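Working notes for the structure below.
Because the structure is predicted, anything quoted here is derived from the model rather than measured. In each ligand, atom 1 is the first atom listed, and ligand 1 is the first ligand listed.
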Amino acid sequence: MANWYAQRAWIGEMADDVLIEVEGDRISAVIPGATPPPDAHRLPGVTIPGLVNAHSHAFHRALRGRTHAGGDFWSWRDLMYEVAARLDPDSYLALAQATFAEMALAGITSVGEFHYVHHDAGGVAYDDPNAMGRAVLEAARGAGVRITLLDTCYLRGGIRSADLSPVQRRFTDGDVEAWAQRVSELTADETTKIGAAVHSVRAVDPTSMERVASWAREREVPLHMHVSEQRRENEECESVFGMSPTELAAQHGVLGPRTTVIHATHVAPLDVELLGTSRTAVCLCPTTERDLGDGVGPASAFSAASVPWSLGSDGHSTIDLFEEARAVEMDERLMAGARGIHDPAALLTAATLNGGRSLGWETGAIAPGYLCDLVALDPSSPRLSTSPGVGGIVFAATAADVTDVIVGGRAVVTERRHRDLDDVGGRLASAVAGVLG
Ligand SMILES: [Zn+2]
């Protein structure tokens, strides 16, 4: 694999003329102030580590621009279920591949796909019971991004009612052992990992939750779970179990250093303490949380409790990790009436290194030993030409400033074009039309 030579790069600080030597798919040396060797590929502009989107539901991309006018989380969920009901392995492959290609163009080199649409629209297993999961894995491969498929256990309609609505039937394997059996048939490779997820305290009973957690622990793979996105979830959990979703997860073995809880918007100080002491991570999804009117998660409380937090575009109302990163700071400013809560380097770390850890990839830093996942930004763009430092990048860059994307040492995007998939916008339009009918 050839070496890369960045005009300027973020290596924990900004450095010029950085030679990034590569062995296999990893960085073997980083040499600032180097003269360019003749055989190195040049990266123009400012190079940062590959961005990591730690929480995605690829099919939600079909809802962009169609659900934002009103309603609440629960009415949004009804629309999302309508799309879920129309997916099959072929349409899911097309939609997920186009969505992951949009991510690649936005500088996202790894994605965590929280995957729960497992079976056909009637709830019957396909001939290959993992047909949908494999479609998602193939989609990521085609789009050139790493994926951790967080295969999700989903067993019941809600905390108070075990009954599943007709559309939810395709999410369930019936019981947790059937879930474990199916997921165990999926295999990882160089750019894909198989992890596990508990959908939420709504969809999984405590005993099953415990089994999913032990399945993930035995295999030492990432485990994710939606937690406390909505106050209603907290109220129902308190009334049935007499404790918060985080406490319930803690009591049933879900928390730990390989676990990431998603959202954690409405958490109490005791919940934050439990996350901290168990070394659990959090993934915030600010553009989704604001789109759905969820609330603002306490990122500064997580930082104070040494809870690492990453970022996800979740419902894909936009796919732009720069926007997610600055939203954490900006939303907390509005709540606190104060500025400068998180420094720009910490926000960039959330969008890179912390996401990699959450998904089980050694990515997110331009340093020896890390995977060679890189993103180059155009410093002459109107947004960056006056302030191409880390503050300018985090507070002003957008996905449109990404020019080149490298995954495992291989170019996936060059000069704003995906090397394997042309016309990503057109692919998205036809894939979305395919599932909206
Ligand atoms: Zn989600």
Side-chain angles (χ1 to χ4, degrees), residues 52-64 67-68 72-84 87 92 95-96 99-100 103 108 110-118 132-133 136 147-155 157-158 167-168 170-172 195-204 209 212 222-234 237 245-246 249 254 259-267 280-297 309-321 324 327-328 355 358-359:
V52 179
N53 190 356
H55 188 67
S56 158
H57 306 282
F59 75 92
H60 291 193
R61 175 63 182 80
L63 296 169
R64 184 185 297 175
T67 67
H68 311 291
D72 60 10
F73 173 88
W74 307 100
S75 61
W76 166 84
R77 191 177 74 158
D78 290 340
L79 291 166
M80 182 268 281
Y81 280 178
E82 283 180 30
V83 174
L87 293 169
Y92 205 179
L95 178 57
T99 303
F100 295 149
M103 289 185 196
I108 291 163
S110 306
V111 60
E113 179 66 20
F114 198 106
H115 168 66
Y116 57 88
V117 185
H118 300 306
M132 294 293 262
V136 172
I147 185 170
T148 298
L149 184 74
L150 299 151
D151 195 296
T152 304
C153 183
Y154 195 119
L155 300 174
V167 68
Q168 288 172 326
R170 66 187 312 191
F171 306 160
T172 183
V198 169
H199 181 275
S200 58
V201 295
R202 287 173 274 136
V204 182
M209 206 182 278
V212 176
L223 172 64
H224 285 207
M225 176 176 176
H226 289 126
V227 165
S228 297
E229 179 178 8
Q230 289 288 313
R231 286 199 177 86
R232 190 167 113 189
E233 177 182 289
N234 285 8
C237 193
T246 303
V254 173
T259 299
T260 300
V261 297
I262 314 301
H263 303 300
T265 309
H266 303 288
V267 285
T280 303
V282 167
C283 177
L284 303 166
C285 308
T287 68
T288 299
E289 288 147 8
R290 69 191 185 199
D291 181 47
L292 296 175
D294 292 340
V296 176
W309 45 272
S310 55
L311 298 163
S313 66
D314 187 10
H316 310 314
S317 53
T318 185
I319 292 177
D320 187 335
L321 266 281
E324 303 291 345
V328 173
S358 167
L359 299 182

Quiz item: Of all heavy-atom pairs between N53 and G312, which one has the smallest distance, and what is that distance?
Solution: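 Looking at all heavy atoms of both residues, the closest pair is OD1-CA, 3.1 Å.
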Quiz item: Nearest heavy-atom pair of L95 and A62: which atoms, and what distance?
Solution: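 Closest approach of L95 to A62, heavy atoms only: CD2-CB, 4.2 Å.
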Quiz item: Any donor-acceptor pair under 3.5 Å linking the side chain of H266 with the backbone of D294?
Solution: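 Yes; judged by distance alone, with no hydrogens or angles, the pair exists.
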Quiz item: ring pair (Phe, Tyr, Trp, His ring centres under 6.0 Å) with H57: which of H226, H316, H224, H199?
Solution: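 Exactly one option meets the ring pair (Phe, Tyr, Trp, His ring centres under 6.0 Å) with H57, and it is H226.
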Practice problem: With the Zn ion (ligand 1) as the centre, enumerate protein N/O/S atoms below 2.8 Å in chain and residue order. | Solution: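 Under 2.8 Å from the Zn ion (ligand 1) - ignoring waters, which are not counted - the protein N, O or S atoms are H55 NE2, H57 NE2, H226 NE2.
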Practice problem: Kindly indicate, with the supporting measurements, whether the criterion side-chain hydrogen bond (donor to acceptor under 3.5 Å, both in side chains) is fulfilled by S56 and E113. | Solution: CA-CA 5 Å; S56 158; E113 179 66 20; 2.6 Å; yes
Quiz item: Among Q230, E229, H55, whose side-chain hydrogen bond (donor to acceptor under 3.5 Å, both in side chains) with H263 holds?
Solution: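 For H263, the side-chain hydrogen bond (donor to acceptor under 3.5 Å, both in side chains) check succeeds only for E229.
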